[in-house]
Structure formats: structure tokens, C-alpha cells
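Heavy atoms only: backbone and side chains are in, while hydrogens, waters and symmetry mates are out.
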Amino acid sequence: MSGPRAPKGTYDLLPDEAALRDDVVATAARVFGAHGYRRVVTPEFEETGLFERGVGEATDIVRKEMYTFEDKGGRSLTLRPEGTAPICRLYVEHGLHKWPQPVKLWYYCPMFRYERPQAGRYREHYQLGAEAIGSPAPEVDAEVIAMLAQLFAELGIGGLRLAVNSMGDPACRPAYVGRLREYLRGREDELCADCRERLELNPLRTFDCKVESCRAVLDEAPHIDEHLCPECREHFDTVLGLLRRVGLEPELDFRLVRGLDYYTRTTFEFSSDRLGAQSGVGGGGRYDGLVEQVGGPPTPGVGFGSGLERITLAMGAREAPGLGPAAFVVAFTDEVRGDAFVLAQGLRRAGLAVELDLAGRSAKGQLKQAGRSGAAYAVLLGLEELPPETVRVKALAGGGEEDVPAAGVAAWLTARKESE
RNA sequence: GUGGAGGUAGCUCAGUCGGUAGAGCUCCAGGUUGUGGCCCUGGCGGUCGCGGGUUCGAAUCCCGUCCUUCACCCCA
């Protein structure tokens, strides 16, 4: 195959796969709606500065993964690599701080990151996400986490692990980071090259290193859990308590630091062992400084993102919904092809899903198509023994036949459909 | 950006020691002159990813490249 291909790290969804995705998104719309979240749409690209300021100059996303380009007006634009910064921009730009707080929004849209593709990772991937902006209450943290858990439950995704952590806030994190850096410097010779770099750039990120020697050093390092200020401690404990009271089992994980700079206090991640190395199905956290970071007033916020591709992977193989049409109109002779077309249109106007041969097939070929389409009935036109203006309706599952006036087929089919 | 595996028909794959490309499924038609599914027969369908090299001869060996895939990094 040497023709055009989908670009590296992108993919097509064929009808069965697209139908499955529609189901997932519809479920999300229902679950999120039940929690009072409303959908918003933001542009596929933003001013580059939004992500540089919002996501953080030190993050991998900004340093090496953005699809950045200059338009003909000389503006530097970037294909959206993540969803939270644009939502915060939207919140500020449209003055949503005047709405009752918190403002609860959700989105479903593609994200773009220049990375090497692997299982569950694409250069263009779709995320379902939600953000609750404008309230510092721990109930909001618990709500977004519980809402995502509810979505996964309704989709039938089992075996998920919920990891949570608290990253502290401006009152306690700087002191902790200093303490951690000091500790790591003392054992620098035991760290891998990457971690030595992280030590200066962002010591917290040494926590998710997988090198054995580093893990040993980090196990004995001061953990943020023990260095939270009283306010962060209380917030975190409240979140954990609420999650437990609604039946979730959050596992404390001091390694869960996440690679985006904007997180404060709560961070969380759902992971599945059905996914390979990229096991995170959805995750997020609190970002109390982000709205201010993108030019708004000091405003707290919490949210998550969840990858559609990983959701469907975690759901495993599913039968395609594959609901067939109500009827397939079959022309037994070429003379009645026009009549078949007119009849099909009439049935469709009556609200029925109807198919018709469009490839000049023989009667046998048309019946074959009818069977394959999953249609409940075949409507046969052009049979010699039938009186004029009469058609024969054949049940494709059972095989029974009945002659019906052409004008009455719509009513006949509708009645059968409703009695099912 | 780094490393491993792999690219042959629309799909899943076979192809021996280097000798000029096959199967199953799908699709179309016929068997059944007017009734789908099962069965049988036939047909359509290939730049063997691409480029170069070795050779009388390359799907097969060598080099490069692109793509896929798995992992690292990091995220969803």
C-alpha cells in the first residue's frame, strides 16, 4: 500500500468503531449532565502563549510536544495539547466568574502532542474532560472524581485502581520541595541521569522514575504527605473521606505527581492493567493558580481529562451495536426499480429506516443484501402473481410472507415495529 | 529523541535452499430462468511499503528510508 496514509500517530474510525465511540460520548453526556456539568467547545488551536503560561515552561508538553505554527498574519498558534488551559481562558474571556460558582463544564475534543506513538498513545487523541472552576471546597474535588468513577462504572470498565495524592499549595509546597531537593542532592550519585536533571528542574518528578535505584532513594525520601500545611491536610482528608463514603477506594500514592505544573493539592488517576505501559485511563487534579496564571482573577479549579482511546481499550472487545433497518426494498425486475425507489423514500418520510439496492444487483443479490443489512423485513416489488399496487413483505428472521397494499406498507411496518 | 519487532490481495496470513506470488475470509456472478443465510463452482483483486545495491535472476540477501507496533521519556 503506497497511497496516502493517515499521518503518523493518527487513525481513522470505521463505522462500527465510530458507533462505539458515539455510545461512550453519549454515556458521558448523560453522566456529566446528571452532575450539573454543561458542554463547551473551544478552538482546535490557541495562541501559543496560553499553553506556555498555563501548562508551564518546564513541562514536556511545552518543551517538546507542541504542534506550533505561525499563521499568515504572523501569529504563533498551537494545536491544543491539553484541555484545561483553554477552559480557563474561556472562563476568563467570557466573564464566567459572574456566574454562580463553581462553573461546571465538560468537553469532548481532540488533543495534539508530538510524541512517539505506542499502545494507547497517539499524536492526535480525544479526551473527555470536565472542569469545575470557582470553588475551593473539597466536595468539588470529590465530585469530579466520583463523576469520572461513575462514567467508568456505567461503561462497564472494571478492575480500575484509583490513586490519589496531595501536592500541597503555595503555603507548604515550596518548603517541601526545598527539603526534597536537599535530600536528593545528598544521594545524587545514586540517581539516574534523568533524575539528576529533574532534581534541578522539578524535584517532584523524580517520584515517577522507574529506575530501581532511584525508586529506592525516593522510598526513603521525605514524602509530601508528611509535610502538608494544616489547611492542605484537612482538605485532603475531607476529599478522601467523601470518596470513601460514596464507595470508592482511593489509594494514597506519593509517587503520583503528574507532569503538568499547574496542579495544587489534590491529584488523582484511574489506571487499568488492561492497557499496557500507558495505563492511565483518566486523571486530573486541582489547579488553584491556573486561572490567574492565564490572566484572570485568583480562582480555584478542579478537573480531569480522560482518553477516549484508552477508555475503549479498557472496555475491551464489544459487539458492534449494529441495529439493522426496518426494511429493505427489493425490486424483482428492472421495470419496478423506480417504484422501489419511490416506495423507499415514502417509508423513510414516514420515519422508518429503509435500505434499497443501489448497485444494480439481481433479485437474489438484493435479498442477500437485505439479509446482510440486518433488516427485519424485505419488501418485494414486481412479483408477477401479485395484483397491481401490492407488495409482498417477507420476514427475514422467520421467513413468513404477507401481501400488503403498497400504500399501506408504512403503516404495516410501523405497527410491527411498535409491537416489538 | 533512544531501543526491540514487523510491513506480501480490502482483511488475516503462507511463501522451502534466491528461480518470476498463494490460501482463507470479504466482494460480484452462476448453480436455483422469481426469494437472503448453508453448500458448490467461477470471477474481480498484488508497484511483495518505497529507493538503491549484490546476483544470470530478489518477496527472499545487504544498505538506506517511510510506516506500523511494543517499550523508554511523559502523559490521556
Side-chain angles (χ1 to χ4, degrees), chain A residues 1-11 14 55 58-65 80-84 108-129 148 192-195 197-198 202 205 207-211 256-260 263 267 269-272 275-284 303-314 324 328 330-333 336 357 359-375 377-386 392-401:
Chain A
M1 205 28 155
S2 58
R5 291 164 153 271
K8 186 184 183 82
T10 68
Y11 59 90
L14 268 31
V55 181
T59 61
D60 283 13
I61 288 179
V62 172
R63 287 168 65 205
K64 50 189 189 187
E65 296 175 1
R80 172 186 48 224
E82 65 93 50
T84 304
Y108 165 59
C109 48
M111 306 292 168
F112 304 86
R113 293 182 201 170
Y114 188 83
E115 299 181 274
R116 284 284 287 268
Q118 71 184 76
R121 167 187 294 163
Y122 301 88
R123 288 185 172 180
E124 178 190 33
H125 73 277
Y126 286 77
Q127 279 187 36
L128 273 169
L148 186 54
C192 68
D194 285 341
C195 281
E197 200 180 317
R198 292 186 185 110
N202 184 351
R205 290 229 243 132
F207 275 113
D208 48 27
C209 184
K210 286 166 188 166
V211 176
L256 183 68
V257 290
R258 308 188 64 79
L260 279 66
Y263 286 118
T267 57
E269 178 173 285
F270 288 90
S271 58
S272 163
L275 258 52
Q278 306 307 320
S279 60
V281 185
F304 63 76
S306 184
L308 252 298
E309 297 80 3
R310 293 185 188 176
I311 288 175
T312 42
L313 269 178
F328 195 108
V330 175
F332 266 73
T333 63
V336 297
D357 174 55
R361 290 185 181 82
S362 63
K364 171 178 173 164
Q366 293 178 52
L367 255 317
K368 195 171 179 178
Q369 283 304 310
R372 196 153 33 201
S373 74
Y377 297 94
V379 179
L380 281 32
L381 273 70
L383 298 175
E384 274 178 13
E385 70 275 20
L386 290 181
R392 180 165 292 171
V393 184
K394 176 187 177 80
L396 287 168
E401 298 187 354

Which whole number of Å gives the distance between the [atom1] atom of [N] and that of [M]?
| N | M | atom1 | answer |
| --- | --- | --- | --- |
| B/G15 | B/C48 | C1' | 11 Å |
| B/G42 | B/U32 | C1' | 16 Å |
| B/G36 | B/G19 | P | 47 Å |
| B/C67 | B/A29 | C1' | 37 Å |
| B/G64 | B/G3 | P | 12 Å |
| B/G6 | B/C62 | P | 12 Å |
| B/G31 | B/U16 | P | 41 Å |
| B/C61 | B/C70 | C1' | 27 Å |

Look at the side chain of [X] and the base of [N], then say whether one donor and one acceptor between them are separated by less than 3.5 Å.
| X | N | result |
| --- | --- | --- |
| A/Glu65 | B/C74 | no |
| A/Arg121 | B/C74 | yes |
| A/Gln366 | B/U35 | no |
| A/Gln369 | B/G36 | no |

* To do: Report the nucleotide, chosen from B/U35, B/A76, B/G36, that has the shortest atom-to-atom distance to any side-chain atom of A/Arg258.
  =>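 My answer, after comparing the listed nucleotides, is B/A76.
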* Kindly point out which of B/A76, B/G30, B/C73 is positioned nearest to the side chain of A/Arg198? =>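 Comparing B/A76, B/G30, B/C73 against the side chain of A/Arg198, the answer is B/C73.
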Starting at [atom1] of [X] and ending at [atom2] of [N], how long is that distance when rounded to a whole Å?
| X | N | atom1 | atom2 | result |
| --- | --- | --- | --- | --- |
| A/Arg361 | B/G43 | CZ | P | 21 Å |
| A/Arg123 | B/C66 | CZ | C1' | 13 Å |
| A/Tyr114 | B/C73 | OH | C1' | 15 Å |
| A/Lys368 | B/U35 | NZ | P | 14 Å |
| A/Leu14 | B/U26 | CG | P | 18 Å |
| A/Gln127 | B/A76 | CD | P | 6 Å |
| A/Asp208 | B/C73 | CG | P | 8 Å |
| A/Gln278 | B/A76 | CD | P | 11 Å |

* To do: Report, as yes or no, whether the 6.0 Å neighbourhood of atom CD on A/Glu384 holds more than 12 heavy atoms from other residues, nucleotides or ligands.
  =>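 Not buried by this count: 12 neighbours or fewer within 6.0 Å.
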Looking at every strand, decide which applies to [X] at a 4.0 Å heavy-atom threshold: base, sugar-phosphate, or nothing.
| X | value |
| --- | --- |
| A/Val281 | sugar-phosphate |
| A/Leu260 | sugar-phosphate |
| A/Arg205 | sugar-phosphate |
| A/Glu269 | nothing |
| A/Ser279 | base |

* Asked: If each of A/Gly284 and A/Gly365 is mapped to the nucleotide of RNA chain B with the nearest heavy atom, which maps nearer the 5' terminus, i.e. the 5' end?
  ->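 First, find each residue's nearest nucleotide; the 5'-ward one identifies A/Gly365.
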* To do: Examine B/G36: is either OP1 or OP2 under 4.0 Å from a nitrogen or oxygen in the side chain of A/Lys394? Give yes or no.
  =>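 No.
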* Asked: Quick one: is A/Ser362 getting a side-chain N or O under 4.0 Å of the B/G30 phosphate, OP1 or OP2?
  ->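 Checking B/G30 against A/Ser362, a side-chain N or O does come within under 4.0 Å of OP1 or OP2.
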Of all heavy-atom pairs between [X] and [Y], which one has the smallest distance, and what is that distance?
| X | Y | result |
| --- | --- | --- |
| A/Tyr263 | A/Arg258 | CE1-NE, 3.7 Å |
| A/Val330 | A/Ala378 | CG2-CB, 4.5 Å |
| A/Ala395 | A/Tyr377 | CA-CD2, 3.6 Å |
| A/Ser306 | A/Val281 | OG-O, 2.8 Å |
| A/Leu396 | A/Gly371 | CD1-N, 4.3 Å |
| A/Glu309 | A/His125 | OE2-CA, 3.3 Å |

* Contacts of type salt bridge (charged side-chain N to carboxylate O under 4.0 Å, His left out), residue A/Lys368, not counting sequence neighbours ->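 For A/Lys368, no residue satisfies salt bridge (charged side-chain N to carboxylate O under 4.0 Å, His left out) once neighbours in sequence are set aside.
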Which atoms of nucleotides 68-70 of chain B (N or O only) lie under 3.5 Å from a protein N or O atom, and what are those distances?
from: B/U68; atom 1: OP1; to: A/Gly9; atom 2: N; distance (Å): 3.2
from: B/C70; atom 1: OP2; to: A/Ala119; atom 2: N; distance (Å): 2.8

* To do: Decide, yes or no, whether a salt bridge links A/Glu197 with A/Arg205 under the criterion of side-chain N to carboxylate O below 4.0 Å.
  =>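 Looking at A/Glu197 and A/Arg205, the cut-off is not met.
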* Would you call A/Glu115-A/Arg123 a salt bridge at under 4.0 Å N-O? ->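 No salt bridge links A/Glu115 with A/Arg123.
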* Should A/Glu401 and A/Val393 be marked as a side chain to side chain contact (heavy atoms under 4.5 Å, CB included) after you check the CA-CA gap, both sets of side-chain angles, and the distance that decides it? -> CA-CA 6 Å; A/Glu401 298 187 354; A/Val393 184; over 6 Å; no
* To do: Go ahead and write out RNA chain B as dot-bracket, 5' to 3': ( ) for pairs within the strand, [ ] for ones crossing earlier pairs, | when the partner sits on another strand, dots for unpaired; Watson-Crick or G-U wobble, both distances under 3.5 Å.
  => (((((((..((((.....[..)))).(((((.......))))).....(((((..]....))))))))))))....
* Asked: Do A/Arg198 and A/Cys209 pass the side chain to side chain contact (heavy atoms under 4.5 Å, CB included) test, and can you show the C-alpha distance, the side-chain angles, and the key distance before you say yes or no?
  -> CA-CA 10 Å; A/Arg198 292 186 185 110; A/Cys209 184; 3.8 Å; yes
